[in-house]
Novice: 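Take a look at the following structure, please.
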Protein chains: 4
Amino acid sequence: MTKKPTKAAAASAAQAGSQMLEAAPASNRATRAAERRAAIVEAAMEEFIARGFAATRLDDIARRAGVAKGTIYLHFKDKESMFEELVRVVIVPVVARLTTLPPPVGSVRDLIEAFAGNFLKEVIGTRRGDLVRLIVAEGPRFPSVADFYYREVVSRGVAAMRALIELGIARGEIREKDLARYPQILIAPAMIAVIWQSLFERHAPLDARDMLRVHLDLIFGERRTT
Amino acid sequence: MTKKPTKAAAASAAQAGSQMLEAAPASNRATRAAERRAAIVEAAMEEFIARGFAATRLDDIARRAGVAKGTIYLHFKDKESMFEELVRVVIVPVVARLTTLPPPVGSVRDLIEAFAGNFLKEVIGTRRGDLVRLIVAEGPRFPSVADFYYREVVSRGVAAMRALIELGIARGEIREKDLARYPQILIAPAMIAVIWQSLFERHAPLDARDMLRVHLDLIFGERRTT
Amino acid sequence: MTKKPTKAAAASAAQAGSQMLEAAPASNRATRAAERRAAIVEAAMEEFIARGFAATRLDDIARRAGVAKGTIYLHFKDKESMFEELVRVVIVPVVARLTTLPPPVGSVRDLIEAFAGNFLKEVIGTRRGDLVRLIVAEGPRFPSVADFYYREVVSRGVAAMRALIELGIARGEIREKDLARYPQILIAPAMIAVIWQSLFERHAPLDARDMLRVHLDLIFGERRTT
Amino acid sequence: MTKKPTKAAAASAAQAGSQMLEAAPASNRATRAAERRAAIVEAAMEEFIARGFAATRLDDIARRAGVAKGTIYLHFKDKESMFEELVRVVIVPVVARLTTLPPPVGSVRDLIEAFAGNFLKEVIGTRRGDLVRLIVAEGPRFPSVADFYYREVVSRGVAAMRALIELGIARGEIREKDLARYPQILIAPAMIAVIWQSLFERHAPLDARDMLRVHLDLIFGERRTT
DNA sequence: CATGAATGAGTATTCATTCAT
DNA sequence: TATGAATGAATACTCATTCAT
């Protein structure tokens, strides 16, 4: 079993990717363990994204993480729970950052554009975007992952969008009142962009930023030139 | 080895699912083979959708199709090419039907609504919707499938949408001229609906038809009451 | 899963050891399968006896049986149930033969000596004797095996012994009336002989036949010279 | 490496089980080590009895003994030699006690009954009885254990029994002169009782004491009423 | 001495693929 | 053609053993 209290915290600090690791401080026992755990998470994410859950070999994860196969089992109960925990560990900090909205100064469109900018930078075309596609892919076989993702990401995102939309309607920036019933519409092009980058980028690159601007023009009924 | 010329045609005629099989009058050799092939395709689709490519067992496909395991290899070279052919066989007739647009009478909005209605009926919440999710899931591991899907479905769909959008702009029904550069926006909510039904229906059902109407209201800048 | 009806019967006919296989008749499908199953049982018995349950490798069983590893799983669900079925398949015919008593002519001592002679020939110093030791060894970890062995062998053997003892008492051949309460005493030296042969034969060989005669002399209070 | 001279002596003093440990007054280095070693031996015996050699995990032994896994290797070279030493450490004091016969006063039957009484108390239905079954179980894979057991327990026990039997014959208490050639007969029911308790107690409890009395009645040709 | 994280060889089990019938 | 028994490579997971702290 994983020893959550200590390691989870450390791993969370190390976050999801070696590129984000700060300089390693005092290399004590707990720190080493956290680093290894982070390396496993990072490696597992790469492999799962590249091959999907079933086709990913723990051998490859271990090799990529630079640990022995057995070491994985010091941190995760089995392949399934590794996948589930991995999604949590990688998703949570992203959600935290995305939902930390800037103070509501300026227009609603500015707020939404700030939000979309974050999304563009943090998700689209990144490993995390691929992770979203992975969740779409494996969700049906991992109800716990789908549940977690709905609860932590989707429902919160929808709620946040709805609040912004209602604010926009109240302030007269948004004319389409029914939009508040379907905040999914607001995010749909962004989600499509995520999937598009994963699947079709080499066939036809997509300027996600510009597409989102056009979509917001539709919603706000005006023209922006960025 | 699969004997493509003969069987592929037959299977294509039998299309994608036993429920669509017409009565087989003369039960000659070729017809029997086509029926079996169709049964395998149908069964394989169900299994692949339910478990994904890697986790699906040929044993289960064979059992579901009511044939012996070895029989599958009389129709398909191996599991991979079965998956690839399956996508082709199932997708092609759908595309054919979806792209058979009604004659361009009435407004562009009517045209698009007709198109969306077809999509709702034929895809969202159906096996074929699940197949779309499956393609999103397995695309990265099956470039040939992603290529095929892009070529046969996505690029055509985008082109068709673009044509409609340009017509709408020309006729003054659509004000947002940049929309023609991103026809993906038009389909984005429909795609989201497809994925939503697969993953989150039990958490929060989504009225796809109504959502699409709202989205069209945004684009056409008017209100419709269904 | 094993397909009991057909195969079990065939395997039962082939019994527990190639040395007992009759000439192979028409080598049809079912017969081939039964032969393989018998070969696996035979090989498994050898390996389990030599190494115990946990230390036995299915690889070795397969190699010894001359089949591929996967073939074992066509006949047995897993290692545990292979062990359990193996005990049944090997034990049952022995019990059948041992409990087929000769007609009760002559003295009770003659009857018991006939029984003991069978036991000596069929069990002590044979593979089946080793199997008894194996059951003693693995019984605690295989309650189902211990249960089966108690039900099919021990309780029947005890009952048969008790009947004979009571007959001996009734006829005045046996003076110790309390012996009927502990038929185990009658078999104890035979069991010890079984275990002795497995463990200490090379330290000090034991003439089981003579020992049993002495033991019967004790019980019947007379002298026999074989 | 184990440092036999020192530790073996200490462990031997600590004997077989923490419940037998006297209060440790001066808790110096050597004493602490001996206590740990005794704890490991005790824990190992429990685990080996419960699961057999191969299926026992050093992790479980360490946990039960309250030491770290690595500590085991400070006392024993490896799992195999731990098992071998364990048998020695546990068996030796039992033999010592059992072979410390009371002074030969009274009849031979009294002597044998005293011996049997000891055996009943010290072995049957106790951990040590289970250990006997364990030796029977693992003997074939641990020739050194079987050798040791034969040399230290079986051959001594047989010799002691033979001496008693010959004394009984000389004194006219035992009529069956051939019994001296098979002292195993004398102990057979006791051994059966040991195994019976391990395997079949829950199916049919066995009054070992009464059974032994009946057996002695057979040998001494008289009736005793406990 | 004592620890327990890390290792990696070892094993049960699965499943795509073949081929004799 | 169709079958399904047989195969054996592939893979998740375990656990005795080591060694840095």
Side-chain angles (χ1 to χ4, degrees), chain A residues 3 7 27-30 32-33 36-37 54-63 66-80 82, chain B residues 3 7 29-30 32-33 36 53-63 66-80 82, chain C residues 3 7 27-30 32-33 36-37 54-63 66-80 82, chain D residues 3 7 29-30 32-33 36 53-63 66-80 82:
Chain A
K3 290 155 188 174
K7 286 180 182 171
S27 197
N28 55 37
R29 193 73 76 77
R32 291 276 317 285
R36 278 169 182 276
R37 190 186 164 95
T56 289
R57 288 178 306 237
L58 290 193
D59 257 338
D60 290 340
I61 294 177
R63 180 163 31 253
V67 302
K69 227 182 323 171
T71 304
I72 292 175
Y73 290 87
L74 298 176
H75 294 271
F76 302 95
K77 181 172 150 291
D78 56 17
K79 197 183 173 187
E80 293 210 0
M82 173 163 54
Chain B
K3 290 157 187 173
K7 287 183 184 170
R29 191 73 71 82
R32 293 268 321 282
R36 280 170 182 275
F53 176 80
T56 289
R57 286 169 308 205
L58 291 195
D59 253 332
D60 291 338
I61 293 176
R63 181 162 32 250
V67 302
K69 223 185 328 174
T71 304
I72 292 175
Y73 287 84
L74 299 175
H75 293 271
F76 301 95
K77 179 170 151 291
D78 56 18
K79 198 184 174 189
E80 294 210 357
M82 174 164 53
Chain C
K3 289 154 188 173
K7 286 182 182 169
S27 198
N28 55 38
R29 193 72 76 79
R32 291 278 316 284
R36 277 168 183 276
R37 190 186 164 95
T56 289
R57 289 178 303 238
L58 290 194
D59 257 338
D60 290 339
I61 293 177
R63 180 162 32 252
V67 302
K69 230 181 321 171
T71 304
I72 292 176
Y73 289 86
L74 298 177
H75 294 270
F76 302 95
K77 183 173 147 290
D78 56 18
K79 197 183 174 187
E80 293 210 358
M82 174 162 55
Chain D
K3 290 156 188 173
K7 286 184 183 170
R29 190 74 70 83
R32 293 269 321 284
R36 279 169 181 275
F53 176 80
T56 289
R57 286 170 306 206
L58 291 195
D59 253 331
D60 291 337
I61 294 177
R63 181 162 33 250
V67 303
K69 223 184 332 173
T71 305
I72 292 176
Y73 286 85
L74 300 175
H75 293 270
F76 301 95
K77 180 171 151 290
D78 57 18
K79 198 185 174 188
E80 293 211 358
M82 174 164 53

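Small disclaimer: the values here were computed from a predicted structure and weren't measured. Just so we're on the same page: letters track the sequence lines, and every chain starts at 1.
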Novice: Do C:Met82 and C:Ile61 have side-chain heavy atoms sitting under 4.5 Å apart?
Specialist: yes
Novice: Considering residues at least two apart in sequence or located in another chain, which fulfil the side chain to side chain contact (heavy atoms under 4.5 Å, CB included) criterion with B:Ala55?
Specialist: A:Ala54, B:Arg51
Novice: Taking CD from B:Glu80 and C1' from E:dT17, how many angstroms apart are they, rounded to a whole number?
Specialist: 13 Å
Novice: Closest approach to the side chain of D:Tyr73, judged atom by atom: which nucleotide of F:dT3, F:dA12, F:dA16 is it?
Specialist: F:dA16
Novice: B:Gly70 or D:Ala68: which one's nearest nucleotide on DNA chain E is closer to the 5' end?
Specialist: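 Per heavy-atom nearest nucleotide, the more 5' residue is D:Ala68.
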Novice: Starting at CE of C:Met82 and ending at C1' of E:dA12, how long is that distance when rounded to a whole Å?
Specialist: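 C:Met82 atom CE is separated from E:dA12 atom C1' by 10 Å.
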Novice: Dot-bracket for DNA chain E, please. Rules: Watson-Crick or G-U, both distances under 3.5 Å, ( ) within the strand, [ ] when a pair crosses earlier ones, | for another strand, . otherwise.
Specialist: .||||||||||||||||||||
Novice: Go through residues 54-63 of chain A and report each residue with a non-hydrogen atom lying under 4.0 Å from DNA chain E, sorted by number.
Specialist: none
Novice: From NZ of A:Lys79 over to P of F:dT14, roughly how many Å is that when rounded to an integer?
Specialist: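 Nearest whole value for this atom pair: 14 Å.
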Novice: Would you indicate, yes or no, if F:dA5 has its OP1 or OP2 atom less than 4.0 angstrom from a side-chain nitrogen or oxygen of C:Arg32?
Specialist: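 Result: no.
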Novice: Could you state the atom-to-atom distance from CG of A:Leu74 to P of E:dG4 in whole Å?
Specialist: 13 Å
Novice: Return the value, rounded to whole Å, for the distance between atom CD1 of C:Ile72 and atom P of E:dT13.
Specialist: 10 Å
Novice: For the residue pair D:Phe53 and D:Lys79, what are the closest heavy atoms and their distance?
Specialist: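 So the two residues come closest at O-NZ, 2.9 Å.
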Novice: Any idea which heavy atoms bring D:Ile72 and D:Leu58 closest together, and the distance?
Specialist: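 Here D:Ile72 and D:Leu58 meet closest at CD1-O, 3.8 Å.
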Novice: Only counting residues at least two apart or in another chain, list the ones meeting salt bridge (Lys or Arg N to Asp or Glu O under 4.0 Å) with D:Lys69.
Specialist: D:Asp59
Novice: Has D:Lys69 got a side-chain N or O lying under 4.0 Å from the OP1 or OP2 atom of E:dG4?
Specialist: no
Novice: Please figure out whether B:Arg36 or C:Val67 has its closest DNA chain F nucleotide nearer the 5' end.
Specialist: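 The residue whose closest nucleotide sits nearer the 5' end is B:Arg36.
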Novice: Rounded to the nearest Å, what distance is computed from the CZ atom of residue C:Arg37 to the P atom of nucleotide F:dA6?
Specialist: 12 Å
Novice: Using side-chain hydrogen bond (donor to acceptor under 3.5 Å, both in side chains) as the criterion, list what pairs up with A:Asp78, not counting sequence neighbours.
Specialist: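 Scan of A:Asp78 (side-chain hydrogen bond (donor to acceptor under 3.5 Å, both in side chains), adjacent residues dropped) gives A:Ser81.
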